[in-house]
Number of protein chains: 2
Amino acid sequence: MSEYKGILDHIDRYVELSDSEIEEFISILKTTRVKKRQFIVQPGFVSEYRNYIVEGAVRVFYLDDQGKEHTVIIAIEDYFFTDFYSYIHRTPAEYYAEALEDSIILQMKYEDVEKLCSRIHALSQYFRLFTERSMAYSYKRTISNISKTTEERYWEYVNKYPEIANRVPQYVLASYLGISPESISRIRSRS
Amino acid sequence: MSEYKGILDHIDRYVELSDSEIEEFISILKTTRVKKRQFIVQPGFVSEYRNYIVEGAVRVFYLDDQGKEHTVIIAIEDYFFTDFYSYIHRTPAEYYAEALEDSIILQMKYEDVEKLCSRIHALSQYFRLFTERSMAYSYKRTISNISKTTEERYWEYVNKYPEIANRVPQYVLASYLGISPESISRIRSRS
DNA sequence: TTTACTTCTTGATATAGGTCAAGCTATTTT
DNA sequence: AAAATAGCTTGACCTATATCAAGAAGTAAA
């Protein structure tokens with residue numbers, strides 16, 4: 001059904017699955033609806049799922065000892081999110097995943113993904129190739145974080161992801177870029 | 001031979017390869033010796049290889065328009081490095097990879113890795129699992145970059161990787177952590 | 001349509017940490 | 001072992017950006 005179209009297209013960009021493989025894959029997907037402000041992952045609980053967003057927006061953030069939030073991931077349609085460390089190592093999550101809007105997500109359990117990846121070579125390839133691309137992107141974010149000014153980081157993000165920047169609250173963007181909300185406000189007013 | 005022991009052990013931590021698969025894998029490895037300060041990857045050229053360090057130390061860094069260096073990866077024995085974006089997308093590298101010591105590295109070409117991963121399910125699994133772990137680590141570095149003070153980042157690194165911190169020049173560590181060398185010097189003298 | 005949250009803006013102030021400069025100390029190289 | 005190069009330290013200064021505070025503007029709820 002149309003609810004799986006997005007994720008199947010996503011897979012299709014990397015590998016080809018047979019019809020029966022697609023069926024097997026779909027069988028491990030659980031569709032979940034979450035309301036705005038609802039938590040999908042919480043510190044203390046293992047992040048059981050890899051989550052794919054069919055519709056809506058989610059952020060993953062870390063709450064430090066001073067009560068400050070630091071956003072690691074901002075995800076909209078066609079993005080994946082999870083507390084990756086918790087998901088892989090089966091340890092309690094350190095991050096929150098919070099719906100920024102009412103959302104529909106597809107959830108796949110760690111064991112199910114691993115089982116399927118062991119059985120279906122193409123699926124393993126898919127996650128490998130996709131994760132390698134995420135990794136390359138992650139290096140770029142790191143470079144940006146350590147080498148650019150707040151203003152440069154802000155405009156870089158806004159130019160690269162205008163739809164996301166317009167869609168999420170500014171304080172979320174601020175905590176993603178490691179900038180104070182006030183500074184973002186000033187950067188915007190300056191232009 | 002012993003030169004392959006490290007990488008085979010590395011693989012062994014994730015998956016089991018048959019003897020013939022091991023042989024196939026070894027056949028795509030090229031052993032290269034590089035001298036201190038030699039470049040293994042340079043902007044403008046495609047980063048052809050995934051590189052594994054048998055012995056020595058290497059850093060990957062970005063040179064910005066103001067001539068400042070920003071280190072993305074510091075790698076010693078049993079680590080991989082490459083300009084990942086260039087390697088995956090076959091586009092000219094943006095980073096330098098520079099030997100910090102005389103080093104012995106194992107190089108595997110993109111096409112060879114892809115061909116083998118298509119043929120050998122376990123190898124695909126290996127790279128998938130390993131990259132997923134790298135990814136989880138990468139999020140931690142991001143959090144650290146956007147949420148911690150320079151001093152916290154410095155001590156965090158030194159405690160986590162004391163051997164590396166003692167082995168590489170301080171300006172390299174500084175450019176990895178996004179701190180000025182002077183500040184690192186002051187942080188150290190303060191303790 | 002008033003009340004109450006939530007988010008954003010603006011101003012005043014403080015400070016972490018960068019930059020510049022100069023000298024010092026190692027470590028290579030000749 | 002002298003010369004040269006590379007790396008580290010220290011001091012003085014400066015600026016980008018955080019923090020604090022208070023109000024304005026949106027948005028949702030009652």
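Every chain is numbered from 1 and lettered A, B, ... according to where its sequence line falls, protein lines coming before strand lines.
The base of C:dC20 lies close enough to the side chain of B:Glu182 for a donor and an acceptor atom to sit less than 3.5 Å apart. For B:Arg186 against C:dT19, a side-chain N or O and a base N or O form a donor-acceptor pair under 3.5 Å.
For B:Gln170, counting side-chain heavy atoms from C-beta on, the closest listed nucleotide (C:dT7, D:dC8, D:dA6) is D:dC8. The A:Thr150 side chain lies nearest to D:dA18 when the options are C:dT10, D:dA18, C:dC8.
Taking the ring axis of B:Phe61 as reference, the NZ or CZ atom of B:Arg59 stays within 45° of it and closer than 6.0 Å to the ring centre.
When the P atom of D:dA25 is taken as reference, atom CZ of A:Arg188 falls 16 Å away, rounded to whole Å. In this structure, CD1 of A:Ile184 is placed 10 Å from P of C:dT9, rounded to the nearest angstrom. The distance from atom CZ of A:Arg37 to atom C1' of D:dA29 is 12 Å, rounded to the nearest whole Å. The nearest whole Å value for the distance from the NZ atom in A:Lys36 to the P atom in D:dT27 is 10 Å. Atom-to-atom, CD of A:Glu152 to P of C:dG18 comes out at 15 Å; the value is rounded to the nearest Å. Rounded to an integer number of Å, the gap from B:Leu173 CG to D:dT9 P is 12 Å. For the pair A:Ile187 CD1 and C:dC8 P, the computed distance is 14 Å after rounding to whole Å.
Across all strands shown, A:Ile179 has heavy atoms under 4.0 Å from sugar-phosphate atoms exclusively, and none from any base. Counting non-hydrogen atoms under 4.0 angstrom, B:Arg153 reaches nothing in the nucleic acid. Heavy atoms of B:Lys68 sit under 4.0 angstrom from primed sugar atoms or phosphate atoms, though from no base atom.
By the 4.0 Å N-to-carboxylate-O rule, A:Arg33 lies too far from A:Glu55 to be salt-bridged with it. Under the 4.0 Å criterion applied to side-chain N and carboxylate O atoms, B:Glu151 and B:Arg190 are assigned as salt-bridge partners. In summary, B:Arg167 and B:Glu101 engage in a salt bridge, as defined by a charged side-chain N under 4.0 Å from a carboxylate O.
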Under the criterion ring pair (Phe, Tyr, Trp, His ring centres under 6.0 Å), I'd like the reasoning laid out for B:His70 against B:Tyr176: C-alpha separation, chi angles, the key distance, then a yes or no.
CA-CA 6 Å; B:His70 306 281; B:Tyr176 179 86; over 10 Å; no
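Taking for each of A:Ser183 and B:Ser180 the nucleotide of DNA chain C with the nearest heavy atom, the 5'-most of the two is the partner of A:Ser183. Of the two residues contacting DNA chain D, namely B:Ser189 and B:Tyr171, the nearest-nucleotide position lying further toward the 5' end is that of B:Tyr171.
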